[in-house]
**Student:** 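A single structure is presented below for examination.
Just so you know, these numbers use all the heavy atoms, side chains as well, and skip hydrogens, waters and symmetry mates. Reminder, nothing fancy here: chain letters follow the sequence lines and each chain counts from 1.
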There are 2 protein chains.
Amino acid sequence: MQVIIQTDAIDAKILTALGEDGRRSYAEVGAEVGLSTAAVHERVKKMLERGVIRRFSISVDPLTVGLNFTAFVAIRNDGGAHCRDISARLREVSAVQELHSVAGEYDLLAKVRTAHARDLEAVLLQIKAIPGITRTTSTVVLNTEFEDQPLRLGEG
Amino acid sequence: MQVIIQTDAIDAKILTALGEDGRRSYAEVGAEVGLSTAAVHERVKKMLERGVIRRFSISVDPLTVGLNFTAFVAIRNDGGAHCRDISARLREVSAVQELHSVAGEYDLLAKVRTAHARDLEAVLLQIKAIPGITRTTSTVVLNTEFEDQPLRLGEG
DNA sequence: TGTGAAAATGTATCGTT
DNA sequence: AACGATACATTTTCACA
């Protein structure tokens, strides 16, 4: 599959600037990338339309809002259920913040976040209740060294 | 360790609203949570000061900017090096977007993103060059079902 | 696609409760 | 902590290049 990059070097700079601070004014960003306010606005609008920018957002520190526990849960689907169905079901489990289908011994890898370690048990029961899922293995996060780093485009 | 939640129910609603759309106006958010524009502004300012909101940002679809490959790399530190030193070194590897210290067979779990699968080799060489790191195991992501979901506070 | 300028909207500040 | 009012800044639109 050929990589389809939907952005040029100026878009990359705009994305990097807004990734660091989503509220930098278009005038300020424009000054950095050598474009007018209106041109930056137009590019941002188009990147939103094309899905390059999914949305404007905020980065929240999970610990400050009571989400103190993280685990990665590897999931096995031996039941022959469609990955799509399982994915849809897992999307409904609010503790599952991220889901990837993976190669290897397991089929899916979920990033789970809860208030407390003891809540993992309930989440695993919810996951195992989904038809097709036969087994899970959890890797408990002791400490998150870093995450949610601002996107840096145009580097190594 | 006791959970220290730095936010009340109104803050949670503000965080949820801004997580969905970081550019919703404070007036609009205020109407939803039953507060004036100025009060929402004040609360957001305080949450930024306390580090609840790390920053305003954008969510970018990695595929549209040429980051087509994701892997989770489990890392073993048998060399007795301090986790802190290794973490600092891994922070310099730009492909490493996320790093957690974990319980189990491995000591660290990194989320790695590159343009192409073949780039993983170079990243692994960079990682293995760090003193203390003796072994890695990579889990290749075939497809990201979902990630970067807007934070939903005050649910199950 | 980009520009500058005007109109529309939103943010930040302040005196007050 | 919150409010309304106001001053200030930014976004958005538009005619034109």
**Student:** Passes side-chain hydrogen bond (donor to acceptor under 3.5 Å, both in side chains), A:Arg113 versus A:Thr70? Steps please.
**Tutor:** CA-CA 5 Å; A:Arg113 235 192 263 270; A:Thr70 306; 3.0 Å; yes
**Student:** Any ion pair linking B:Lys111 and A:Glu98 (charged N to carboxylate O, less than 4.0 Å)?
**Tutor:**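 Between B:Lys111 and A:Glu98 there is a salt bridge, with a charged N closer than 4.0 Å to a carboxylate O.
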**Student:** Do B:Val102 and A:Val140 touch side chain to side chain, with heavy atoms closer than 4.5 Å?
**Tutor:**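 Contact flag for B:Val102/A:Val140 side chains = no.
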**Student:** Before we go on, tell me: are the rings of B:Phe72 and A:Phe72 under 6.0 Å apart, centre to centre?
**Tutor:**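 That pair passes the under 6.0 Å test.
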**Student:** Just to be sure I understand the geometry, which residues of residues 18-27 of chain B put a non-hydrogen atom under 4.0 Å away from DNA chain C?
**Tutor:**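 Residues of residues 18-27 of chain B that come under 4.0 Å of DNA chain C are, in numerical order, B:Ser25, B:Tyr26.
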**Student:** So where does chain B start and stop touching DNA chain C, 5' to 3', when the test is distance under 4.0 Å to a non-hydrogen atom?
**Tutor:**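 Both ends considered, the range comes out as C:dG10 to C:dT13.
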**Student:** Could you tell me whether the side chain of A:Val65 reaches within less than 4.5 Å of the side chain of B:Met47, counting heavy atoms only?
**Tutor:**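 Answer no - side chains too far apart.
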**Student:** Answer yes or no: is there a side-chain heavy-atom contact under 4.5 Å between A:Thr64 and B:Ile5?
**Tutor:**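 Side chain of A:Thr64 against side chain of B:Ile5, heavy atoms only: no contact under 4.5 Å found.
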**Student:** Taking only residues two or more places apart in sequence, or in another chain, which ones meet B:Gln149 in a side-chain contact (heavy atoms from CB on, under 4.5 Å)?
**Tutor:**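 Counting only residues at least two positions away or on another chain, B:Gln149 forms a side-chain contact (heavy atoms from CB on, under 4.5 Å) with A:Arg91, B:Phe146.
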**Student:** Using heavy atoms and a sub-4.0 Å distance, could you list which residues of residues 31-51 of chain A are near DNA chain C? By number, please.
**Tutor:**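 A:Leu35, A:Ser36, A:Ala38, A:Ala39, A:Arg43, A:Lys46 - these, ordered by number, are the residues of the stretch whose heavy atoms sit under 4.0 Å from the strand.
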**Student:** Can you find a pair of side-chain heavy atoms, one from B:Ile86 and one from B:Arg89, that are under 4.5 Å apart?
**Tutor:**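 No - every pair of side-chain heavy atoms lies 4.5 Å or more apart.
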**Student:** Are the side chains of B:Arg43 and B:Asp11 in contact, using a 4.5 Å heavy-atom criterion?
**Tutor:**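 Contact flag for B:Asp11/B:Arg43 side chains = yes.
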**Student:** Could you go step by step and tell me if B:Tyr26 and B:His41 meet the ring pair (Phe, Tyr, Trp, His ring centres under 6.0 Å) rule?
**Tutor:** CA-CA 6 Å; B:Tyr26 295 155; B:His41 178 254; 5.6 Å; yes
**Student:** Residues two or more places apart in sequence or in another chain: which of them pass side chain to side chain donor-acceptor pair (under 3.5 Å) with A:Thr137?
**Tutor:**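 Here the qualifying residues are A:Tyr106.
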**Student:** Is the shortest heavy-atom distance from the side chain of B:Leu109 to the side chain of B:Leu99 under 4.5 Å?
**Tutor:**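 When only atoms from C-beta onward are counted, B:Leu99 and B:Leu109 do not touch, as no gap falls below 4.5 Å.
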**Student:** Just the endpoints, please: which first and last nucleotides of DNA chain D, 5' to 3', lie under 4.0 Å from a heavy atom of chain A?
**Tutor:**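 Reading along DNA chain D, I get D:dT10 to D:dT13.
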